[in-house]
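Would you mind keeping the following structure in view while I ask a few things?
Counting starts at 1 for both ligands and their atoms, in listed order.
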Amino acid sequence: MMLSDFPLFPERASTIAGDVDALYLFLVLVSAFMSVLIFTLIIFLGAKYRRRPDNEIPEEGEPSALLEITWIVAPFFVFMLIFVWGARLYFKEARVPDDALDIYITAKQWMWKAQHPSGQREINTLHVPVNQPIRLTMASEDVIHSFFVPAFRVKADLLPNRYRTTWFQATKVGRYHWFCAEYCGTNHSGMIGWVEVMEPSEYQKWLAGGTESSLASQGEILFQKYACNTCHTNDATARGPVLAGLFGSQQMMSDGTVVKADENYIRESILNSQAKVVKGFQPIMPLFQGQINEEDLLKLVAYVKSLTPPAARGPGAVKPLESPQSFGSSTSASPAQPATTAGTNERKTP
Ligand code: CUA
């Protein structure tokens with residue numbers, strides 16, 4: 001039996017795996033060093049300062065100042081190193097690259113569902129291309145679950161009431177175990193799957209094998225089914241705010257706060273339109289809480305995201321406010337568009 005049969009770390013198959021392992025190895029080494037030091041000192045000092053004559057009296061005296069300073073300052077720097085190192089890694093994991101491919105995950109007791117932007121759906125399997133950053137937008141239908149792929153060193157909780165995003169970039173073609181890492185009921189241990197990392201050409205072939213229409217167009221069908229299009233007509237004088245160009249923009253609310261229109265904002269606005277009312281509009285939209293499941297919500301969000309005006313697109317462009325074509329920002333705080341803002345204020349809804 002070889003030592004390599006008992007690896008310290010699972011296989012490394014993502015860009016971040018090496019960094020996580022390095023930090024972890026450092027923690028293990030510091031802990032091991034301190035454990036050995038402490039036990040050695042206990043035994044050594046215990047022997048050295050044992051009581052010899054029965055009536056021996058301990059020596060008076062303070063430990064040297066240098067010794068005291070050392071044992072205060074040295075751990076301080078070691079802990080600061082761990083903090084800075086860990087924080088840098090945390091931010092690296094939290095910041096999703098701009099060119100990431102979007103995949104949506106919903107979890108429920110006790111299965112995983114993945115939806116690709118092209119409309120492809122799968123259960124307990126996730127197909128992804130190698131060497132491509134993947135952004136996962138995730139929500140739970142019921143209790144808290146946790147997405148965990150040890151080979152990628154990625155773990156993120158899925159919450160029942162909001163989206164959580166995480167990302168990874170697989171570096172090796174292969175098949176990797178996918179676990180639920182949050183106890184979620186009877187079959188928690190069975191809530192497992194596989195991530196299939198494929199060559200990009202294979203992934204394209206796999207995508208082409210699907211019969212579903214794109215996620216955004218499935219969302220468009222729902223948009224009509226729930227009659228969203230009767231108020232959100234993409235006309236600045238409509239009863240609902242214009243949605244084209246909304247995603248990623250800053251929106252001014254009726255209470256004066258400015259909110260970034262991200263996935264969570266759109267999700268919340270669909271379920272509970274009263275939570276954040278866009279300035280210049282009345283809270284007349286019906287509440288869809290409990291009427292639309294997470295999978296359909298993701299489709300609607302994908303549809304709203306797809307409504308970005310072409311001119312505002314670009315790497316990381318979150319600037320529809322400045323764009324002349326940004327008819328989506330009628331309620332924005334931007335003074336560049338007095339005409340549309342005035343139009344919004346005049347509008348009174350029944
Ligand atoms: Cu889902 Cu544990």
When Trp178 is tested against each of Phe147, Phe152, Phe148, Trp194 for ring pair (Phe, Tyr, Trp, His ring centres under 6.0 Å), which residue passes?
Phe147
Under 3.5 Å: donor-acceptor pair, side chain of Thr125, backbone of Glu122
no
Measuring to atom 1 (Cu) of ligand 1, does Met191 have an N/O/S atom at a distance below 2.8 Å?
yes
Restricting to N, O or S atoms, which atom of Glu182 is closest to atom 2 (Cu) of ligand 1?
O
From the N, O or S atoms in His188, identify the one nearest to atom 2 (Cu) of ligand 1.
ND1
The angle formed at atom 1 (Cu) of ligand 1 by SG of Cys180 and SG of Cys184 is about (to 10 degrees) 110°
Please check this pair: side chain of Arg50 against backbone of Ala47, looking for a donor-acceptor N/O pair closer than 3.5 Å.
yes
Measure from the side-chain N and O atoms of His188 to the backbone N and O of Glu182, and report whether any donor-acceptor pair falls under 3.5 Å.
yes
Name of the His145 N, O or S atom nearest atom 1 (Cu) of ligand 1?
ND1
Flag side-chain contact, heavy atom, 4.5 Å: Asp142 against Pro160:
no
